Amino acid sequence: MDYSPKKIEPYWQDLWSKEKSFACEKSDKNLPKKYILEMFPYPSGRIHMGHVRNYTIGDVITRYRITKGDNVLHPMGWDAFGMPAENAAMENKIHPKEWTYKNIDSMRVQLKSLGLAIDWDREFATCDHDYIKHQQNIFIDFLKNDLVYRKESEVNWDPVDNTVLANEQVIDGLGWRSGAIVERRKLNQWFLKISDFSDDLLDGLEKLNKWPEKVKLMQKNWIGKSSGAVFNFKVVEEFSKIADKIEVYTTRPDTLFGASFCAIAPDHAIATIISQNSDNALKFIKKCQKIASSEEAIEKVIKEGFDTGIKVQHPFDKDIKLPVYIANFVLSSYGKGAIFGCPAHDQRDLDFARKYNLPVLPVVCPENVNKKDVVIENEAYIGEGKIINSKFLDGLNIKEAKKVAINKLKELRIGKKEINYRLRDWGISRQRYWGCPIPILYREDGKIIPVPIDELPITLPEDIDFSQPGNPLEKHPTWKYTTCKETGLKAVRETDTFDTFIDSSWYFARFCELDDSKPINRDEANYWLPVDQYIGGIEHAILHLLYSRFFTRALKITGHLEIKEPFDGMFTQGMVCHETYSNERGDWIEPKFVRKGDNKQESLHIDTGEKIKIGPSEKMSKSKKNIVDPDDIIKLYGADTARWFVLSDSPPDRDIFWTEAGIESSNKFINKIWRTILDYKEIVEQKDIKNKSEQIQFMKVIYKSIKDITLNLEKMSFNKAIANIYSLIGELSKSDTKEKISSETASKILKHLIIILSPFIPHLAEESWAHVGFEGLVCKQSWPEFDESFTDNESAKIVVQINGKKRGELLLPRETEEKEVVEVANNNNKIKNDLAGKEIKKIIYVKGRILNFVV
RNA sequence: GCGGACAUGGUGGAAUUGGUAGACACAUCAGACUUAAAAUCUGAAGGAGAUUAUCUCCGUCCCGGUUCGAGUCCGGGUGUCCGCACCA
């Protein structure tokens with residue numbers, strides 16, 4: 001009987017669906033719970049291999065936990081708002097809503113064809129009116145609890161299209177559609193006070209011990225807590241009309257005597273004043289505004305400054321006067337938007353000082369270097385040392401000098417110690433149509449008020465025009481005009497929509513119960529949350545996870561939740577990569593159009609016969625066309641084979657390289673499993689009795705495998721679990737094994753084997769379970785316990801080393817004492833020879849492992 | 001530019017967390033079955049060398065260090081990938 005995924009996979013998918021096998025029970029306090037969640041997908045229309053990998057990993061854990069007897073929640077939804085829908089509207093004249101829901105429908109079918117153990121009863125999309133309603137409700141609660149405010153903030157502005165651009169739409173400083181030079185422009189926008197939680201978000205990381213260290217480190221650096229000082233530079237008298245002081249933040253108050261200039265951000269208040277009287281300053285500021293607003297763009301730009309002519313006094317020495325520059329690398333959003341530069345001990349300041357011929361005075365002397373020999377060439381010294389050239393700070397180390405300098409600033413009443421954070425408040429306004437409307441009214445009397453709760457949801461108008469650039473909500477003839485019910489005054493709606501990160505910051509709580517009456521059902525959330533295992537790409541390591549952690553805290557303050565941390569366990573999976581192919585004209589070619597030539601050396605286009613150049617394996621992307629469509633793979637090999645491939649070989653947190661050979665070999669092995677099961681079924685039916693002592697050996701094989709696979713599953717080492725299965729099947733399918741195994745042993749092994757396989761290849765497992773004649777569904781069986789009495793513990797291979805080099809090995813009982821092992825080793829011919837004529841200085845023995853002679 | 005990660009045979013990876021480097025696979029080669037091919041089964045295999053059933057040396061990106069012992073720990077470097085706040 002052939003293995004036919006085309007027939008069996010849809011059959012079992014239908015059955016699971018009909019029987020609601022994975023619809024999870026409501027909270028049952030008597031049952032241990034597990035909430036397994038993968039990051040929900042953006043409904044682009046087609047699933048890609050990254051999805052297959054992500055959801056397969058989650059599915060294996062889900063199915064495994066079910067067999068372990070847990071009450072498992074494993075839901076699915078859609079992160080449905082976002083720019084691609086608007087782009088599709090502009091390019092293909094299809095309404096974003098229609099486009100999105102169509103995509104959801106086709107992706108749901110695709111996901112179901114993977115055989116995922118998902119509770120589809122809890123499905124929702126973030127663009128559903130129901131979800132919008134609750135999200136707007138939450139926002140109003142945040143507003144009432146003082147977690148929201150409005151301020152001016154910069155955006156990328158395309159002066160040709162008259163529209164706001166996302167960072168990804170700015171390519172080398174130019175708008176992606178118009179090609180115009182992008183400018184920075186200030187808009188009034190809504191912000192969430194995430195920075196109030198900086199310390200709490202930082203401290204919370206320590207307790208997240210089921211998170212990857214690298215993710216926690218990235219978040220820690222992102223929050224960027226630093227200790228330093230704020231203080232004022234007094235502006236020299238003759239410029240006092242412009243300003244009397246400049247406030248700066250520094251983490252190096254110890255280097256203050258090495259200061260040779262001050263620099264302010266291009267949008268600093270003083271820069272604005274200066275630009276009113278200086279065309280050159282204005283020109284320079286305008287030039288700075290042409291740099292895109294992303295931090296990356298600002299940091300990469302060549303460092304330049306504009307000398308304002310203003311001078312400030314050194315706080316510790318009135319006679320030292322420093323020039324003030326407007327500099328393109330000073331960020332107004334960090335610290336005070338102004339710094340002092342100490343070129344000797346900061347590379348960026350040094351580069352700047354060399355460019356504008358500013359003095360470079362070293363004030364830190366490295367250990368073991370004479371004060372006179374400290375010379376700064378083209379490299380700033382940022383290491384430890386003793387302070388020099390700094391009057392009252394001389395001779396102190398950096399740490400002491402910081403303290404003394406801060407105390408002095410305090411004494412002079414011009415500064416103080418300050419803790420600063422890199423994390424800034426979360427700007428949530430987007431000038432786009434396809435997002436959740438921000439429920440705010442601007443009343444004609446100037447008041448800004450939330451929309452009354454009973455008027456929610458504020459939904460998007462459907463009759464919109466995408467032929468004009470800009471936000472269609474702004475341009476809609478009627479949508480934004482309304483009246484305030486309470487006062488009867490005229491009002492205008494907020495036409496900005498929420499950042500889509502808001503949508504994904506609480507969806508995991510919504511899955512606990514689709515409660516009509518409120519966003520989050522507290523009882524259900526209390527049972528299910530936190531998510532026990534969250535799984536997603538490393539690209540979300542900072543923003544999405546940090547926003548969700550903040551949101552959960554904010555939801556606690558507003559009474560929606562009782563916890564602070566949403567995700568107890570976090571796992572970041574690697575990307576799916578594929579070789580890139582291009583023809584001689586440099587066009588990218590999809591892998592399915594490439595075949596090997598007759599000599600196997602070259603690759604050819606399947607239709608045209610053109611030679612194809614093979615490039616390096618990179619992350620699958622539409623732009624390079626190095627995509628393999630999961631649908632094609634499932635049609636050709638079946639979902640079980642696809643699942644098997646994405647789990648095997650590479651560890652799940654590393655990148656995986658998709659290859660034709662790899663998927664084919666997976667398929668071959670799946671077939672081999674099927675044949676082995678059929679063979680064992682026959683053995684069971686023959687009812688033969690075989691040699692008894694050999695049966696114990698076979699049971700040892702299966703129990704050893706159960707142990708290895710279980711431990712590897714617990715560690716999420718799916719590639720190793722799969723290697724264990726390869727070994728097991730290899731052992732079981734040997735003709736010798738099949739001859740000697742008894743009917744009874746074969747039956748026991750078969751039962752364990754199929755259950756073990758079920759999380760990985762659920763369709764094949766279900767089919768074999770039924771085919772062999774076991775009762776019920778395999779997905780509802782209990783995971784086999786491994787019996788330690790069958791695991792071989794008695795003997796051990798002990799490696800004998802001389803000076804750490806392997807010279808031989810001995811097979812001895814595991815518990816053998818050192819004395820005895822040395823004796824056996826000394827009687828071993830080879831080791832005796834190797835030791836001959838050498839003086840043994842020391843013997844190191846690690847029980848059951850290694851014996852090392854040091855000679 | 002800043003922050004983070006990774007680097008082991010021809011290829012993907014394993015190594016009990018400082019104790020036999022290369023498990024398990026892919027590709028390759030040889031054999032069996034076959035008229036033949038495919039499929040399947042069996043076996044070989046890091047590199048170099050020798051006195052070739054065996055043994056020796058070299059070998060985990062590069063340079064240096066700690067240790068009886070380093071793929072694993074420490075310092076320095078190189079390369080590749082990810083994130084940088086309006087992509088999701």
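Computed from a predicted model, the values in this text were never measured in an experiment. In what follows, chains carry the letters A, B, and so on, assigned in the order in which the sequence lines appear, proteins first and then strands, with residues in each chain numbered from 1.
Within the shown strands, nothing qualifies as a pairing partner of B:A45 under the Watson-Crick or G-U definition with both distances less than 3.5 Å. Nucleotide B:U20 forms no Watson-Crick or G-U wobble pair with any nucleotide shown, as no partner meets the under 3.5 Å limit on both distances. Of all nucleotides present, none satisfies the Watson-Crick or G-U wobble test against B:U72 with each distance under 3.5 Å. For B:U54, the paired nucleotide is B:A50, the pair qualifying as Watson-Crick or G-U wobble because both relevant distances are below 3.5 Å. The partner of B:A38 is absent, by the rule that a Watson-Crick or G-U pair needs both atom distances under 3.5 Å. Pairing for B:G83 goes to B:C2, judged as Watson-Crick or G-U wobble with the two contacts each under 3.5 Å. Base pairing analysis places B:U78 opposite B:A7; the two distances defining the Watson-Crick or G-U wobble pair are each below 3.5 Å.
Residue-to-nucleotide contacts include no donor-acceptor pair under 3.5 Å from the side chain of A:Asn221 to the base of B:G3. Contact of A:Glu296 with B:C84 (side chain to base): a donor-acceptor pair of N or O atoms is detected under 3.5 Å. The base of B:C6 does not come close enough to the side chain of A:Arg654 for any donor and acceptor atom to sit less than 3.5 Å apart. In this model, no side-chain donor or acceptor of A:Glu539 finds a partner on the base of B:C87 within 3.5 Å. Between the side chain of A:Gln431 and the base of B:C86 there is at least one donor-acceptor pair of N/O atoms closer than 3.5 Å.
Within 4.0 Å of A:Lys805, counting heavy atoms only, lie sugar-phosphate atoms of the nucleic acid but no base atom. Nucleic acid contact for A:Phe501: base, since at least one base atom lies under 4.0 Å from a heavy atom of the residue. Note on A:Ser429: a base of the nucleic acid sits closer than 4.0 angstrom, heavy atoms only. Nucleic acid contact class of A:Asn852 (heavy atoms, under 4.0 Å, all strands): base. Within 4.0 Å (heavy atoms only), A:Arg675 reaches sugar-phosphate atoms of the nucleic acid but no base atom. If you check every strand for non-hydrogen atoms under 4.0 Å, A:Gly662 touches nothing. Residue A:Ile844 is in base contact, counting any heavy-atom pair closer than 4.0 Å across all strands shown. Among the atoms of the strands shown, only primed sugar atoms or phosphate atoms (P, OP1, OP2) are found under 4.0 Å from some heavy atom of A:Arg807. As judged by a 4.0 angstrom heavy-atom cut-off over every strand, A:Gln219 is placed among residues making no nucleic acid contact. Among the protein residues, A:Lys672 comes within range of the sugar-phosphate backbone only, with heavy atoms under 4.0 Å from sugar or phosphate atoms but none that close to a base. Contact annotation for A:Lys214: backbone-only contact, meaning every heavy-atom pair under 4.0 Å involves sugar-phosphate atoms and none involves a base. Counting non-hydrogen atoms under 4.0 angstrom, A:His544 reaches nothing in the nucleic acid. Using a 4.0 Å heavy-atom criterion, one finds that A:Gly427 contacts the sugar-phosphate atoms exclusively. At a threshold of 4.0 angstrom between heavy atoms, the contacts of A:Leu423 include nucleobase atoms, whether or not backbone atoms are also involved.
At whole-Å resolution of the value, CG in A:Asn712 and P in B:U16 are 12 Å apart. Protein atom CD of A:Gln801 is 6 Å distant from nucleotide atom C1' of B:G19, rounded to whole Å. As rounded to whole Å, 17 Å separates atom C1' of B:G69 from atom CD1 of A:Ile798. B:A15 atom P lies 19 Å from atom NZ of A:Lys806, rounded to whole Å. Across the protein-nucleic acid pair, A:Arg424 atom CZ and B:A85 atom C1' stand 5 Å apart, rounded to whole Å.
The side chain of A:Val854 lies closest to B:C68, out of B:A88, B:C68, B:C84. Distance from the side chain of A:Met575 is smallest to B:C82 among B:C82, B:U20, B:A85. Each of B:C2, B:C24, B:U56 was ranked by its minimum atom distance to the side chain of A:Glu299; first place goes to B:C2. Across B:C86, B:C87, B:A88, the shortest atom-to-atom separation from the side chain of A:Val164 is found for B:C86. For A:Trp222, the side-chain atoms get nearest to B:A85 when compared with the rest of B:G19, B:A88, B:A85.
The same atom, P, is picked in B:G43 and in B:G49; the two are 28 Å apart, to the nearest Å.
The pair A:Arg348-A:Glu304 does not count as a salt bridge, with every side-chain nitrogen at least 4.0 angstrom from each carboxylate oxygen. A salt bridge does not link A:Lys303 to A:Asp351: none of the charged nitrogens lies less than 4.0 Å from a carboxylate oxygen.
A donor-acceptor pair is defined here as one N or O able to donate and one able to accept, closer than 3.5 Å; such a pair exists between the side chain of A:Thr126 and the backbone of A:Ala80.
Take the nearest nucleotide of RNA chain B for A:Ala661 and for A:Pro651: the residue whose nucleotide is more 5' is A:Pro651.
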For this session: Check the pair A:Tyr547, A:Trp426 against ring pair (Phe, Tyr, Trp, His ring centres under 6.0 Å), reporting the backbone distance first and the verdict last.
Result: CA-CA 9 Å; A:Tyr547 289 151; A:Trp426 177 11; 3.7 Å; yes

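Centroid-to-centroid, the aromatic rings of A:Trp658 and A:Phe645 come within less than 6.0 Å.
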